[in-house]
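Structure record follows, encoded as structure tokens.
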Amino acid sequence: MGALLLAGAAPADPVRYPARAILLFVASWCAPCHGELRQLPAITGGAGTYRVLVVPIDRGRATDAMLRGVAAEQVWRPDTARMAEVRAELLAKTAGLPFSVAIGGDGRPCALHRGGMTAASARQMVEACRG
């Protein structure tokens with residue numbers, strides 16, 4: 001599945017996200033998410049100049065164990081209030097995980113990907129944001 005370019009009017013007060021990043025949403029109960037994390041170096045390479053940030057949507061010991069091999073600077077953990085905004089704006093665009101969203105230089109979502117992320121899909125997302 002290719003990256004989808006997001007279009008439409010921007011909300012009056014848009015939520016700002018880390019610029020030039022691909023947000024890779026994961027959960028400890030999501031088996032394909034564990035597979036994505038094993039592919040994180042390749043996905044990061046495919047993203048080029050964009051950062052790949054892992055965003056855990058659940059908390060607890062299982063999540064901490066899942067993220068043990070991910071560098072701290074590659075994990076984005078919004079606080080509870082911010083995570084509620086992320087759920088409302090981004091996670092509402094999918095029926096489940098795996099799910100990823102590319103954020104452009106302006107801090108706004110510019111492409112999304114449903115399904116397992118690969119180096120090729122990361123490249124497609126970055127290209128969709130530049131397009």
Contact check, side chains of [X] and [Y], non-hydrogen atoms, under 4.5 Å:
{"X": "Pro98", "Y": "Arg114", "result": "no"}
{"X": "Trp76", "Y": "Val54", "result": "no"}
{"X": "Ile57", "Y": "Arg87", "result": "yes"}
{"X": "Ser100", "Y": "Leu112", "result": "no"}
{"X": "His113", "Y": "Thr94", "result": "no"}
{"X": "Met125", "Y": "Met117", "result": "yes"}
{"X": "Pro78", "Y": "Val55", "result": "yes"}

How close do [X] and [Y] get, counting heavy atoms only, and between which atoms?
{"X": "Val70", "Y": "Val75", "value": "CG1-CG2, 3.5 Å"}
{"X": "Cys129", "Y": "Tyr50", "value": "CB-OH, 3.5 Å"}
{"X": "Val126", "Y": "Ala47", "value": "CG2-O, 3.5 Å"}
{"X": "Ala128", "Y": "Ala111", "value": "CB-CB, 4.0 Å"}

Between [atom1] on residue [X] and [atom2] on residue [Y], distance to nearest 0.5 Å:
{"X": "Gln124", "Y": "Glu127", "atom1": "CD", "atom2": "CD", "value": "9.5 Å"}
{"X": "Leu53", "Y": "Leu24", "atom1": "CG", "atom2": "CG", "value": "9.5 Å"}
{"X": "Leu23", "Y": "Phe99", "atom1": "CG", "atom2": "CZ", "value": "9.5 Å"}
{"X": "Leu67", "Y": "Gln74", "atom1": "CG", "atom2": "CD", "value": "10.5 Å"}

Passes side-chain contact (heavy atoms from CB on, under 4.5 Å), Cys33 versus Phe25? Steps please. CA-CA 8 Å; Cys33 297; Phe25 292 95; over 6 Å; no
So, [X] versus [Y]: side-chain donor-acceptor pair below 3.5 Å or not?
{"X": "Glu36", "Y": "Thr118", "result": "no"}
{"X": "Glu85", "Y": "Tyr17", "result": "no"}
{"X": "Thr63", "Y": "Arg77", "result": "no"}

Verify side-chain contact (heavy atoms from CB on, under 4.5 Å) between Arg68 and Leu37, making sure each step is shown before the conclusion. CA-CA 10 Å; Arg68 208 165 277 135; Leu37 291 182; over 6 Å; no
Mark yes or no for whether Asp58, through its side chain, and Ala27, through its backbone, hold a donor-acceptor pair below 3.5 Å. no
For Asp79, is there an ion pair with Arg59 - N to carboxylate O distance below 4.0 angstrom? no
Taking atom CZ as the centre, does Arg20 end up with more than 12 heavy-atom neighbours from other residues, nucleotides or ligands that are less than 6.0 angstrom away? no
In sequence, state the C-alpha distance, the side-chain angles, and the governing distance for Ile22 and Ile103, and then conclude on side-chain contact (heavy atoms from CB on, under 4.5 Å). CA-CA 6 Å; Ile22 294 177; Ile103 307 298; over 6 Å; no
